[in-house]
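In what follows, a single structure is set out as C-alpha cells and then discussed.
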Amino acid sequence: MKRLFWIGVGAVAGSYVTRRATRAAHNVTPSGIGENIADGLRELGAGLGAFGAEVRAGMDARERELTELVERRTGGHVPTWSEAVAEPAPVRAPRAGD
C-alpha cells in the first residue's frame with residue numbers, strides 16, 4: 001500500500017512537471033511568442049478602450065458642470081452642440097404688396 005501511494009505521487013508529479021515543461025517550451029517557439037504578443041496587444045487595446053471611455057465620461061461630466069455654471073451665472077440658456085450647429089429657419093422677405 002505504501003508503494004502504491006508513492007507511485008501515485010510520482011505519476012502526479014511527473015505529469016505536472018511534464019505539462020509545465022511543455023508549456024515553457026511552447027512559449028519560446030515562434031508561435032508561442034506570437035501568442036504572447038497577441039495577448040499583450042489585446043490587453044493593451046482593451047486598456048486603451050477603457051481609458052477612452054473614462055475620458056469621454058469625464059468630458060461629459062465636466063461639460064455638464066460648466067454648462068450649469070454658465071447658465072446659473074448668466075441666467076441664459078447655453079445651446080447644446082446640435083442646437084449650435086443647426087441652421088436657422090429661413091426668414092421670408094416681405095413681398096412688395098404686404
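- A heavy-atom distance below 4.5 Å is found between the side chains of Asn27 and Asn36.
- Under the side chain to side chain donor-acceptor pair (under 3.5 Å) criterion, Asp60 pairs with no residue at all, not counting sequence neighbours.
- Side-chain heavy atoms closer than 4.5 Å link hydrophobic residues (I, L, V, M, F, W, Y) into clusters, and following such links, even through other members, never connects Val78 to Val85.
- Partners of Arg42 according to the salt bridge (charged side-chain N to carboxylate O under 4.0 Å, His left out) rule, which considers only residues two or more places apart in sequence or in another chain, are Asp39.
- Of all the heavy atoms in Ala84 and Pro79, the pair that sits closest is N-CB, 4.3 Å.
- Residues satisfying the side chain to side chain donor-acceptor pair (under 3.5 Å) test with Thr80, not counting sequence neighbours, are Ser82.
- When the side chain to side chain donor-acceptor pair (under 3.5 Å) test is applied to Glu35, the partners found at least two apart in sequence or on another chain are His26.
- Without hydrogens or angle criteria, Thr74 side chain to Val70 main chain gives a donor-acceptor distance under 3.5 Å.
- Here Thr29 pairs with Ser31 under the side chain to side chain donor-acceptor pair (under 3.5 Å) rule; sequence neighbours left out.
- Going from atom CG of Leu44 over to atom CD1 of Ile37 covers 12.5 Å, rounded to the nearest 0.5 Å.
- Listed by first and then second residue, the salt bridge (Lys or Arg N to Asp or Glu O under 4.0 Å) pairs involving residues 63-91 are Arg62-Glu65 (not counting sequence neighbours).
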